[in-house]
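Working notes, structure below.
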Amino acid sequence: GEDVEQSLFLSVREGDSSVINCTYTDSSSTYLYWYKQEPGAGLQLLTYIFSNMDMKQDQRLTVLLNKKDKHLSLRIADTQTGDSAIYFCAESPVGRRALTFGSGTRLQVQP
Amino acid sequence: EAGVAQSPRYKIIEKRQSVAFWCNPISGHATLYWYQQILGQGPKLLIQFQNNGVVDDSQLPKDRFSAERLKGVDSTLKIQPAKLEDSAVYLCASSFRGEDNSPLHFGNGTRLTVT
């Protein structure tokens, strides 16, 4: 079955790096996504990675994928207070098309 | 480009009442999704449309929830009658093709409180 798991909470100091982890169970997922949700808003797509890639970098964001362990991580370099939000990872299993989301990781950035 | 529009932003109703939510997807997006997000949880898919046809409604509680997308553009989601456990944010999303590499774009959601 499909189950995406994330840790609930992460607190970092401004300027540090943040690493948010995710595990998924469906090995057929061809794309894996990271979304950001700020209070009272919908989900904003941050980045995504194709399953045949190990790493993708996009400015301050680095996504690492370990397909063998079904582990996905999002690293945010030089974390800013504006990065405080809930971060969701999501998978798109083959044949399902719609995304399956984790429960989200709340990132708190302290000044 | 204009984003996904949803209305209303907030709705408070009593249990057993009815409620409807409206969504206008990004122009040209063939696929439309309704998700339910209960406080503290990730979004859960309720229904997915491709143009005006239903692709997946396996997790839609059909005894009380209904959705339509008559002309393949706007969509409405209805709950009748509402229960306390329906309190959640209802998110609409759209994507260009509904395939793996076609990202979902979300609206800001409708926050429903059932008392």
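Letters A, B, ... mirror the listed sequences (proteins, then strands); counts begin at 1.
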- Message: Enumerate the salt bridge (charged side-chain N to carboxylate O under 4.0 Å, His left out) contacts for residues 45-61 of chain A, please, sequence neighbours excluded, ordered by first and then second residue.
- Response: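 For residues 45-61 of chain A: R60(A)-D83(A).
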Hey, would you say the [X] and [Y] ring centroids sit under 6.0 Å apart?
X       : Y       : answer
Y48(A)  : Y31(A)  : yes
Y35(B)  : F101(A) : yes
F106(B) : Y33(B)  : no

- Return the set of residues passing side-chain contact (heavy atoms from CB on, under 4.5 Å) with E5(A) (not counting sequence neighbours), or none when no residue passes.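 Listed in chain order: D3(A), T23(A).
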- Can you name the side-chain contact (heavy atoms from CB on, under 4.5 Å) partners of R9(B), sequence neighbours left out? N108(B)
- Task: Using heavy atoms and a sub-4.5 Å threshold, report which of residues 102-111 of chain A line up against chain B, by residue number.
- Result: G102(A), S103(A)
- Message: Using heavy-atom distances under 4.5 Å, tell me whether Q6(B) contacts chain A through its side chain, its backbone, both, or neither.
- Response: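 Nothing of Q6(B), per the 4.5 Å heavy-atom cut-off to chain A.
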- Task: Might you work through the side chain to side chain contact (heavy atoms under 4.5 Å, CB included) test for I86(A) and K36(A), ending with a clear yes or no?
- Result: CA-CA 6 Å; I86(A) 301 175; K36(A) 175 184 180 183; over 6 Å; no
Below 4.5 Å from any heavy atom of chain B, which atoms of [X] appear? Answer side chain, backbone, both or neither.
X      : answer
L43(A) : both
Q6(A)  : neither
Y35(A) : side chain

- Message: Is it the case that atom CD in E85(B) sees more than 12 heavy atoms from other parts of the structure closer than 6.0 Å?
- Response: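 Yes - once you tally the heavy atoms of other residues, nucleotides and ligands closer than 6.0 Å, there are more than 12.
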